[in-house]
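Read the numbers this way: they start at 1 and go in the same order the structure lists the ligands and their atoms.
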Amino acid sequence: MRKVNIIKNREKSVQKYRFTLQIIFSLLCLWIGVEFFLFARYLESGGTATFYQRPPGVEGFLPISSLMSVYYFFLTGSVHEVHPAGFFIFIGIVAVSFVFGKSFCSWLCPIGFLSELVADFGEKLFGRKIRIPKFLDYPLRSLKYLILAFFSYSIFMGMDALTLKLFLDSPYNIIADLKLYYFFADISRFSIIVLSVLLVLSILIRNFWCRFLCPYGALLGIFSLLSPNKIKRNVSSCIDCGLCAKVCPSSIKVDKVNIVISDECTTCMSCVDACPVTDTLFLQPIKMKTVINKKIVTYGVIGIFIVITAIGIFTGKWQNNLTREEYLLLYKNLDRIGHVSNYDEIESDTTFTNNNTLKR
Ligand code: SF4
Ligand code: SF4
């Protein structure tokens, strides 16, 4: 360790703010889950139970549909009306990643939060971090990019505005949220096995899902590379204690670089908080001298996300325009949807017009 005059870093850690945001966001998702459960109960009753509005926030769990909506928006200039909340949530997440790196993963994402808790538990259980050897880490990390490439190729290469519209208007896309709900509500033995394997791997290896398999994380990783704000190390005041690298959940060798340029950095600020020397590790825009205060990351991440989703809410584009009768009809055909491609096939005496209103 190099001997320099250490000015002790007395800046407050932002980890408790991060933890608070993670809890708030997870509770919000739980609330959405409960509302959606009540909405599904209404559909299951055939419309006789109390009606609960479908929570639009559920569309945040439909990233592929949202990606298609975003592409549709770029091709046509309009927000597709079936899952409009998903569109705004997607844009919000990408915007956060563009400004503050892959921060959505470590500040807001409930799966990221769960992965973190599970990994903390694993480390307590085994008393140490298990690191994957480099020769395995790189190919495994590329898996999520392959999954993303597969979806991106299918969407961007295979679809024009008309094909996109046909898919986005299709019953399959409309009830993708219900399909997802029943995937977990009526979970198959095979899915339980897969999820259990993922859980065990996440206990053993920190952020197994996020680091190796999540295509959303891959996409945000690409945007984070484009972000102008990076973690920087002041080499002249660094005492080479290695604490920053030790706490990094993404196993980045922060103590060996001047600027962290990595698709795996989630701007969690753990390294900055752990650094014992003042003004040695900080978040700073490239080619600028101004250091970004740690608290600005907290307010920035949540602020950007709220502003973009609020645009959707206040422009009246948050809720889709499907009626409960339309949902009841789609629910009746739930098992068949996926095998049929348009409304005419789902019930011979009932069809929809192009703008998704029922026509009897
Ligand atoms: S480099 Fe720092 S901010 Fe990035 S993931 Fe590692 S600890 Fe978090
Ligand atoms: S925590 Fe990292 S940046 Fe800070 S002094 Fe130690 S090695 Fe240097």
Side-chain angles (χ1 to χ4, degrees), residues 1-19 21-22 96-109 111-113 115-117 119-120 123 129 131-132 134 137 141 144 205-212 214 216-218 220-286 291-298 300-301:
M1 199 184 295
R2 214 145 34 92
K3 278 191 183 161
V4 290
N5 280 337
I6 299 177
I7 305 170
K8 216 166 173 274
N9 184 3
R10 294 191 195 283
E11 248 195 284
K12 275 197 182 154
S13 161
V14 287
Q15 296 310 307
K16 61 174 185 297
Y17 299 121
R18 191 168 73 82
F19 188 64
L21 276 186
Q22 286 176 311
V96 166
S97 306
F98 182 68
V99 179
F100 291 115
K102 216 166 122 182
S103 50
F104 172 77
C105 303
S106 64
W107 287 80
L108 302 177
C109 177
I111 309 292
F113 183 42
S115 298
E116 209 174 310
L117 295 180
D120 288 347
E123 280 170 24
K129 283 183 186 175
R131 300 222 192 237
I132 294 227
K134 246 188 184 168
D137 191 48
R141 270 166 56 188
K144 60 179 183 294
I205 300 155
R206 183 167 281 274
N207 295 344
F208 182 87
W209 167 260
C210 312
R211 192 169 172 81
F212 302 132
C214 179
Y216 218 149
L220 301 185
I222 294 170
F223 277 96
S224 79
L225 288 177
L226 302 173
S227 170
N229 302 316
K230 305 281 181 214
I231 301 284
K232 291 187 190 171
R233 184 173 67 105
N234 182 349
V235 185
S236 54
S237 60
C238 173
I239 55 170
D240 297 323
C241 66
L243 283 175
C244 48
K246 200 173 163 196
V247 296
C248 177
S250 303
S251 306
I252 297 169
K253 295 196 183 322
V254 189
D255 56 336
K256 301 280 183 268
V257 295
N258 295 355
I259 303 179
V260 174
I261 300 175
S262 167
D263 59 327
E264 295 298 330
C265 176
T266 59
T267 323
C268 67
M269 306 302 277
S270 301
C271 54
V272 179
D273 283 333
C275 181
V277 191
T278 198
D279 296 336
T280 299
L281 209 55
F282 38 81
L283 186 70
Q284 193 177 49
I286 294 252
V291 170
I292 300 173
N293 186 291
K294 289 191 280 185
K295 275 194 189 153
I296 290 185
V297 181
T298 311
V301 167

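Counting only heavy atoms from C-beta outward, the side chains of Pro285 and Ile292 approach each other to under 4.5 Å.
With a 4.0 Å cut-off on non-hydrogen atoms, Val247 does not touch ligand 1 at all.
Every atom of ligand 1 with a heavy atom of Ser250 under 4.0 Å away is listed here by number and element: 5 (S). Residue Cys265 approaches ligand 1 through these ligand atoms, each under 4.0 Å from one of its heavy atoms: 1 (S), 3 (S), 4 (Fe), 5 (S). Close contacts of ligand 1 with Thr266, meaning ligand atoms under 4.0 Å from a residue heavy atom, involve 4 (Fe), 5 (S). Atoms of ligand 1 lying under 4.0 Å from any heavy atom of Pro249, numbered from 1 in the order shown and given with element: 7 (S). Atoms of ligand 1 found under 4.0 Å from any heavy atom of Cys248 (numbered from 1 in listed order, with element): 1 (S), 5 (S), 6 (Fe), 7 (S). Of all atoms in ligand 2, numbered sequentially from 1 with element shown, those under 4.0 Å from a heavy atom of Pro276 are 1 (S). Annotation for ligand 1: atoms under 4.0 Å from non-hydrogen atoms of Met269 are 3 (S), 8 (Fe).
Enclosure of atom NZ in Lys253 is not indicated, since only 12 or fewer non-hydrogen atoms of other residues, nucleotides or ligands lie within 6.0 angstrom.
The number of protein N/O/S atoms found under 2.8 Å from atom 2 (Fe) of ligand 2 is 1.
For residues 98-107, the salt bridge (Lys or Arg N to Asp or Glu O under 4.0 Å) pairs, not counting sequence neighbours, are Lys102-Glu264.
Put simply, the side chain of Ser106 gets close to the backbone of Thr266: a donor and an acceptor are under 3.5 Å apart. Proximity of a side-chain donor or acceptor of Asp263 to a complementary backbone N or O of Ala218 within less than 3.5 Å is not detected. A distance-only check finds no donor-acceptor pair linking the side chain of Lys144 to the backbone of Tyr216 [under 3.5 Å].
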Would you be so kind as to tabulate the donor-acceptor pairs closer than 3.5 Å made by side chains of residues 224-231, with sequence neighbours excluded?
unit_1, atom_1, unit_2, atom_2, d
Ser224, OG, Gly221, O, 2.7
Ser227, OG, Phe98, O, 2.9
Ser227, OG, Val99, O, 3.1
Ser227, OG, Asn229, N, 3.3
Asn229, ND2, Val99, O, 2.7
Lys230, NZ, Ser224, O, 3.0
Lys230, NZ, Leu225, O, 3.2
Lys230, NZ, Ser227, O, 3.0

Evaluate Asp137 against Arg211 for salt bridge (charged side-chain N to carboxylate O under 4.0 Å, His left out), listing each step before the verdict. CA-CA 9 Å; Asp137 191 48; Arg211 192 169 172 81; 2.9 Å; yes
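In terms of protein heavy-atom proximity, atom 8 (Fe) of ligand 1 is closest to Cys268 SG, 2.3 Å.
For the residue pair Asp273 and Val14, the shortest heavy atom distance occurs at OD2-N, 3.0 Å.
Applying the salt bridge (Lys or Arg N to Asp or Glu O under 4.0 Å) criterion to Arg206, with sequence neighbours excluded, gives Asp120, Glu123.
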